[in-house]
Amino acid sequence: MDRLCVRGGQRLSGEVPVSGAKNAALPILFASLLTAEPLVVGNVPRLQDVATALRLLGQMGVSSRREGDEVTLEAAAVSSVDAPYDLVRTMRASVLVLGPLVARFGRARVSLPGGCAIGQRPVDQHIKGLQAMGAEIHIEHGYMVASAPRLKGARIVTDMVTVTGTENLMMAATLAEGETIIENAAREPEVVDLAQALIAMGARIRGAGTDRVVVEGVASLHGASHRVMPDRIEAGTFLCAAAATGGSITLTGAQPAGMDATLEKLREAGAAIDCGPDWIRLVMSGRPRALNLRTAPYPGLATDMQAQFMALNCIAQGAGVITETIFENRFMHALELQRLGADITIEGNTAVVRGVPALSGAAVMATDLRASAGLVVAGLVAEGETLVNRIYHLDRGYERMEAKLAALGARIERQPG
Ligand code: EPZ
């Protein structure tokens, strides 16, 4: 298994491009199942999760071809409505085929995703919503087996805000008979990006980005072209890395709109931040100030930024309290940061981080995608060498991270394992 070797102490400086958003690209790729016509998706990042999604779609009979950052998909000859366990367990976002399959083909057989490092992550809301729309769904040998002659519009109130739950139900509703209202909907920018792709395909959707999404079902959707939004979590990750190292960087091809919570926290830490329509510049001098932060559904601070901010807090002036409200087990990076000399006390879903003047490099282990990113940020400031093992987690969601960081002056290299 590959690992990253980071030698800390370099201030990051320079310009770095932001890739397309993983969490927008994935639902949009799966939306190709909703039409027999070609869907052209631009700005698709080269990530392991994207490769997994294309492999799953390929197994269903969806053709896809990539030309540069553009992927063209065609679901004219779907031969299978199965999403097998061996793929779903490697990428739980595969559950996003459920809504499109039931909506267009009236049936689906999708493996339950099973547990995940950061939490139990059930999909009961996805099931509940589809059942409200008339789908019959039962669990058989670890699979969700769904069928529906034709979905009917319904008013659905999800028990909690769920991003992929909202996305699955929104996609299903595009071909249902009548109107569907999703209350308590997720407001994430990635949900809005998916809605824009679906509208380009002929869907009738209002309210995406608010907690009430209204979908007027249509008989069929047609092909379209859509360019995926920039990845706000990748962007936030690089900004945290620059702030931690006391650097000065400019992100290009970014989308600062939708990053308010992250940018505000970085300013609170002492960073000077300027933004344009598609760029963000951060300049940090001296040690960051410690931050108190609480993750929350959008527009609150993204849980996907929590590990990166914890790494920043490790070397900040003062003590900061981090509360993780979305997932029940998303502090595993804390145990690895302690190996680098961080002073972190965990109490349930709260971590108290007391900043130390310096971290010292060590071998650490990545446990999940964003934990890996937090460990890289810490390695960039730790004295000496940090070896981040199991970076297949990182490759799921970051395109060429070590090349982008090296271009900003980081001493980082991938060591094949
Ligand atoms: C999406 O996951 C993202 N993944 C996650 O990013 C992100 O952390 C998460 O949203 C929260 O923002 C993709 O978009 C592919 P949820 P998702 O459903 O949709 C509970 C990354 O690093 N819940 O919004 O799976 C759930 O357990 C990944 O890129 C239910 O109980 O998250 C969690 O506590 C990690 N039942 C909370 O809701 C359900 O049916 C929010 O989960 C659904 C969710």
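The residues of the chain are indexed from 1 along the displayed sequence. As the structure lists them, so they are numbered: ligands from 1, and atoms in each ligand from 1. Side-chain atoms are counted along with the backbone in the values below, which use heavy atoms only and exclude waters and symmetry mates.
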Atom pairs and distances, ligand 1 N/O vs protein N/O under 3.5 Å:
unit_1: ligand 1; atom_1: 2 (O); unit_2: Arg121; atom_2: NH2; d: 3.3
unit_1: ligand 1; atom_1: 6 (O); unit_2: Asn23; atom_2: ND2; d: 3.3
unit_1: ligand 1; atom_1: 6 (O); unit_2: Asp304; atom_2: OD2; d: 2.9
unit_1: ligand 1; atom_1: 8 (O); unit_2: Asp304; atom_2: OD1; d: 2.6
unit_1: ligand 1; atom_1: 8 (O); unit_2: Asp304; atom_2: OD2; d: 3.4
unit_1: ligand 1; atom_1: 8 (O); unit_2: Arg330; atom_2: NH1; d: 3.4
unit_1: ligand 1; atom_1: 18 (O); unit_2: Thr162; atom_2: OG1; d: 2.7
unit_1: ligand 1; atom_1: 19 (O); unit_2: Thr164; atom_2: N; d: 2.8
unit_1: ligand 1; atom_1: 19 (O); unit_2: Thr164; atom_2: OG1; d: 2.6
unit_1: ligand 1; atom_1: 22 (O); unit_2: Arg370; atom_2: NE; d: 2.9
unit_1: ligand 1; atom_1: 24 (O); unit_2: Val163; atom_2: N; d: 2.8
unit_1: ligand 1; atom_1: 25 (O); unit_2: Arg121; atom_2: NH2; d: 3.0
unit_1: ligand 1; atom_1: 29 (O); unit_2: Lys22; atom_2: NZ; d: 2.9
unit_1: ligand 1; atom_1: 29 (O); unit_2: Asn23; atom_2: ND2; d: 3.0
unit_1: ligand 1; atom_1: 29 (O); unit_2: Arg370; atom_2: NH2; d: 2.9
unit_1: ligand 1; atom_1: 34 (O); unit_2: Ile326; atom_2: O; d: 2.6
unit_1: ligand 1; atom_1: 36 (N); unit_2: Pro122; atom_2: O; d: 3.3
unit_1: ligand 1; atom_1: 36 (N); unit_2: Asp124; atom_2: OD1; d: 2.8
unit_1: ligand 1; atom_1: 40 (O); unit_2: Pro122; atom_2: O; d: 3.3
unit_1: ligand 1; atom_1: 40 (O); unit_2: Asp124; atom_2: N; d: 3.1
unit_1: ligand 1; atom_1: 40 (O); unit_2: Asp124; atom_2: OD1; d: 3.4
unit_1: ligand 1; atom_1: 40 (O); unit_2: Gln125; atom_2: N; d: 2.7

**OP:** Indicate yes or no for a side-chain donor-acceptor contact from Ser111 to the backbone of Pro113 under 3.5 Å, with no hydrogens or angles considered.
**Re:** no
For residues [X] and [Y], determine if any side-chain heavy atom of one lies less than 4.5 Å from a side-chain heavy atom of the other.
| X | Y | value |
| --- | --- | --- |
| Val110 | Ser94 | no |
| His126 | Val95 | yes |
| Glu190 | Arg232 | yes |

Original post:
Who are the salt bridge (charged side-chain N to carboxylate O under 4.0 Å, His left out) partners of Asp278, not counting sequence neighbours?
Top reply: none
Original post:
Is it the case that Arg109 places NZ or CZ above or below the six-membered ring of Tyr143, under 6.0 angstrom from the centre and within 45 degrees of the axis?
Top reply: yes
